[in-house]
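Quick note: numbers below take in every heavy atom, side chains included, and nothing from hydrogens, waters or symmetry partners. Treat the numbers as computed from the prediction; the structure is a model and nothing was measured.
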Amino acid sequence: MCVWRLRIVMSLCLLFVLGTVLLTERRGRAAVASAEGQKSNSATKTTPATEIHGFDPANLDRNADACQDFNLFANGGWMAHNPVPPAYARWGKFEELAEKNRDVLHDILEAAAKNKRAKSGSLEQKVGDFYASCMDEQKIEAEGIKPLEPEFQRIAAIKDVAGLEMEVARMHNYGLRGLFGFGAAQDFKKSTEVIAQAQQGGLGLPDRDYYTKDDPDSTKLRDAYVQHVAKMLTLAGDNADTAAKESKTIFDIERKLAEASKTRIERRSPEANYHKISITEVNELTPHFSWTEYLNARGINGVKEINVGQPDFFKALDHVLTTVPIDDWKTYLRWHVLNSTASLLSSAFVQEDFNFNGHVLSGTQQILPRWKRCVAGADNVLGEALGQFYVQKTFTPQARAHARAMVQNLITALQTDLSTLSWMSDVTRQRAIAKLNAFTRKIGYPDVWRNYEALTVTRGEYLENVRRGAEFELRRNLNKIGRPVERTEWGMTPPTVNAYYNPSMNEIVFPAGIMQPPFFDPLADDAVNYGGMGAVIGHEMTHGFDDQGARFDAEGNLVDWWTPADFKNFKSRTDCVVNQFSSYEAEPGLHLKGELVVGESVADLGGLTISYAAFKEATKNKPQKTIDGFTPEQRFFLAWAQVWASNIRAEEARRRVTIDPHPLARYRVNGPLSNMPQFAAAFQCKEGDPMVRPADKRCQIW
């Protein structure tokens with residue numbers, strides 16, 4: 001569950017499709033996605049377990065004390081019997097559900113691939129041929145590095161910075177990463193308009209911190225990365241000595257870019273990422289890089305302004321362009337072409353790509369079977385085509401109606417809460433309620449499906465299919481610049497086990513993929529559904545009022561709509577959450593970054609608070625009973641906890657602490673609940689118990 005990340009090219013608004021397929025395949029191997037996951041390394045489907053409606057008492061650890069460590073009490077039994085499978089870096093309830101969804105997609109794709117009589121240009125033909133081309137290992141193996149040779153030849157022909165610029169534009173047109181990110185997104189201060197935006201980038205490691213931290217683990221990872229780059233270049237045809245020198249050259253360039261980059265915490269501020277300037281001013285910012293020529297090469301006409309997310313990065317980039325020899329830049333670009341496409345090539349490249357991105361970075365022991373990676377790739381490139389078949393099989397009108405009713409109940413509960421907050425003035429209160437009532441609610445799947453008519457998909461051309469998919473998606477994105485915002489679009493595909501809030505759209509979005517057990521089960525009791533799906537809905541709603549969302553008004557504009565006193569009160573409450581989560585450790589000496597995870601943690605606390613109120617309101621006139629020895633109130637909190645049941649590898653936990661705005665799962669359970677008197681009352685926890693934060697440190701927002 002996440003707020004729509006406020007980056008210059010928002011992470012859910014635009015990920016270059018080619019890079020997205022690569023990332024998805026790496027995530028599939030390493031099981032690193034926040035809310036996507038898979039189940040086992042077996043190529044066969046999972047065997048359905050006995051159906052249980054509500055939380056499963058077998059998941060409990062009866063020897064644990066709920067008031068000492070509620071996560072262990074609620075999930076200890078599950079954790080003991082569900083170690084992380086070899087092909088995953090983390091294994092939990094999100095991954096179990098995503099695996100179930102993937103089995104459905106697998107059936108759809110297998111059937112489509114076998115249907116040779118599907119009408120040319122139809123959605124069935126496109127998803128079937130895309131999947132079939134991905135599964136054609138014999139052809140992919142025979143081609144080896146050949147699909148990249150034309151790109152390598154173009155890079156080799158570069159003679160100066162102008163030629164470098166044109167090649168970067170070409171790479172970006174095909175979704176290949178390099179130097180920086182560029183795309184279309186809503187104007188933070190004019191939410192009805194779409195503008196061009198540029199953001200820092202150009203790195204091969206997951207984050208700038210990997211280049212700048214001096215601890216032993218970071219040093220070890222950097223050394224492993226340099227070795228990995230050399231191995232990949234050797235596979236691409238370089239001799240070992242040349243590849244070793246080239247890898248150091250590449251790392252040195254990337255380190256210069258990293259040192260000029262803003263941290264993830266710094267980029268959490270929307271204001272810090274908003275610097276809309278004219279094309280003339282952008283060209284003055286980078287006198288050795290012509291944005292006019294870059295835009296022409298991207299096929300973008302009429303752009304008068306660009307939002308330059310991190311001006312200092314682009315100033316530094318311009319300096320690096322003139323101080324690094326052209327031959328070194330050619331080596332850098334060649335690497336980023338290879339790195340962007342490695343998972344799409346023959347097995348030697350795929351395996352080495354996994355060895356670093358899966359094994360070294362996340363601790364994953366085995367690669368996923370190909371069919372699982374191909375399902376993930378199809379979902380990324382043709383997500384709304386595949387999604388139409390998915391919802392026909394899995395998401396009934398009744399399920400959509402249930403979800404809409406629960407969303408309305410949660411909105412009513414939050415409005416009631418806003419109406420009575422003691423720390424908020426009436427002026428701010430009315431604006432907050434207006435924002436809440438203006439939420440756009442997207443449930444299950446888009447009302448207007450994406451049109452894939454312009455995308456050509458053929459059998460036997462996997463890399464070309466992905467490239468065409470990248471070009472299709474990028475052109476669709478870039479064509480938005482200068483046009484009114486299209487408010488019917490979605491940032492997630494229907495099978496996704498996740499949800500999001502987008503502050504610029506002021507919308508809450510819940511794909512069909514998450515509206516299943518353990519989140520929502522129409523046969524379970526109210527307590528379980530409100531503790532699961534209700535808290536998810538409340539989480540996304542309160543993202544509208546977290547440290548980022550609170551800066552946007554009802555229309556999605558970045559404006560100051562709080563009174564100074566109210567915002568000061570609000571900031572002191574979010575600071576409490578920052579301090580709480582900064583005290584937690586992933587391992588001894590490695591603390592979570594409270595300023596990085598504050599948005600998700602505020603949303604967890606707010607979502608639970610609001611959902612609990614909605615649960616009590618929805619059941620006040622209904623007879624309630626104890627089930628499996630637990631009261632309705634206890635079952636509410638157990639349902640929340642068991643959503644987050646998971647095990648994680650140490651390497652993956654360290655990676656997440658560096659880059660993930662979500663806290664580790666165990667702290668998503670214990671952190672918010674330790675602030676809630678309702679939880680303490682339900683389990684009769686007392687002052688002094690670890691699950692009851694001291695009154696002077698207790699965080700409360702809503």
Side-chain angles (χ1 to χ4, degrees), residues 2-13 15 23 32 34 177 179-182 185 188 197-219 221-222 225 251-275 285 307-320 361 503 546-551 558 571 574-575 577-586 589-603 652-664 667:
C2 58
V3 67
W4 195 276
R5 288 295 121 213
L6 295 171
R7 297 193 298 189
I8 296 314
V9 182
M10 295 180 183
S11 68
L12 294 178
C13 182
L15 284 177
L23 182 59
V32 302
S34 295
R177 298 183 297 275
L179 291 190
F180 58 87
F182 184 89
F188 280 1
Q197 301 198 86
Q199 67 170 348
Q200 66 187 44
L203 307 182
L205 284 166
D207 186 74
R208 52 91 64 193
D209 286 2
Y210 282 84
Y211 297 85
T212 60
K213 291 168 64 176
D214 293 327
D215 60 278
D217 284 338
S218 297
T219 301
L221 278 173
R222 284 195 291 271
Y225 176 62
F251 181 81
D252 286 343
I253 293 174
E254 290 181 354
R255 182 166 54 188
K256 288 182 174 70
L257 299 179
E259 290 169 347
S261 299
K262 297 290 186 184
T263 68
R264 287 177 183 257
I265 292 172
E266 289 171 331
R267 286 183 288 139
R268 282 193 62 78
S269 167
E271 293 86 354
N273 291 313
Y274 189 78
H275 309 93
L285 185 70
N307 180 29
V308 181
Q310 300 81 28
D312 289 343
F313 170 84
F314 286 94
K315 288 179 185 177
L317 172 61
D318 190 73
H319 175 71
V320 177
L361 285 182
D546 69 10
D547 67 309
Q548 293 180 320
R551 291 178 165 92
L558 181 60
K571 182 68 163 54
T574 59
D575 284 346
V577 175
V578 169
N579 293 333
Q580 176 186 359
F581 280 81
S582 293
S583 71
Y584 295 144
E585 292 180 308
L590 180 61
H591 285 259
L592 273 62
K593 299 177 182 178
E595 291 178 295
L596 179 61
V597 302
V598 59
E600 298 299 329
S601 302
V602 165
E652 176 67 358
R654 289 192 288 269
R655 190 192 69 84
R656 286 176 181 269
V657 168
T658 301
I659 69 169
D660 195 348
H662 304 79
L664 298 178
Y667 296 124

Between [X] and [Y], is any pair of side-chain heavy atoms under 4.5 Å apart?
X      : Y      : answer
Val657 : His591 : no
His662 : Val597 : no
Lys262 : Asp312 : yes
Gln310 : Glu266 : no
Phe251 : Arg222 : yes
Leu317 : Leu179 : yes
Leu221 : Leu361 : yes
Arg655 : Tyr210 : yes

Exercise. Has Glu254 got more than 12 heavy atoms of other residues, nucleotides or ligands less than 6.0 Å from its CD?
Worked result: yes
Exercise. Is Lys213 atom NZ crowded by more than 12 heavy atoms from other residues, nucleotides or ligands, each under 6.0 Å away?
Worked result: yes
For this session: Could you list the residues that satisfy side-chain hydrogen bond (donor to acceptor under 3.5 Å, both in side chains) with Asp215, not counting sequence neighbours?
Result: Ser218
Closest approach of [X] and [Y], non-hydrogen atoms and distance?
X      : Y      : answer
Thr219 : Asp214 : OG1-O, 3.8 Å
Pro270 : Leu558 : CB-CD1, 3.8 Å
Leu285 : Phe314 : CD2-CB, 4.0 Å
His275 : Pro311 : ND1-CD, 3.4 Å
Gly549 : Pro503 : CA-CB, 4.3 Å
Asp547 : Gly599 : OD1-CA, 3.4 Å

Find the distance between [atom1] ([X]) and [atom2] ([Y]) and round it off to the nearest 0.5 Å.
X      : Y      : atom1 : atom2 : value
Asn273 : Asn307 : CG    : CG    : 8.0 Å
Ser261 : Gln199 : OG    : CD    : 10.0 Å
Ile659 : Arg208 : CD1   : CZ    : 14.0 Å
Asp575 : Glu595 : CG    : CD    : 8.5 Å
Asp660 : Arg264 : CG    : CZ    : 8.5 Å
Glu585 : Leu664 : CD    : CG    : 11.5 Å

Exercise. What class does the angle between the rings of Tyr225 and Tyr211 fall in, given that below 30° is parallel, 30 to 60° is tilted and above 60° is perpendicular?
Worked result: perpendicular
Problem set entry | Leu203 and Leu257: CA distance, side-chain angles, deciding distance, side chain to side chain contact (heavy atoms under 4.5 Å, CB included) verdict | CA-CA 7 Å; Leu203 307 182; Leu257 299 179; 3.9 Å; yes
For this session: Step through it carefully: locate the ring centre of Phe581, locate the ring centre of Tyr667, and say whether they are under 6.0 Å apart.
Result: no
Problem set entry | Derivation and outcome, salt bridge (charged side-chain N to carboxylate O under 4.0 Å, His left out), residues Asp252 and Lys256 | CA-CA 6 Å; Asp252 286 343; Lys256 288 182 174 70; 5.7 Å; no
Exercise. In terms of side-chain geometry, is the basic nitrogen of Glu271 or Arg551 positioned less than 4.0 Å from the acidic oxygen of its partner?
Worked result: yes
For this session: Return yes if some donor-acceptor pair links the side-chain N/O of Gln548 with the main-chain N/O of Arg268 below 3.5 Å, else return no.
Result: yes
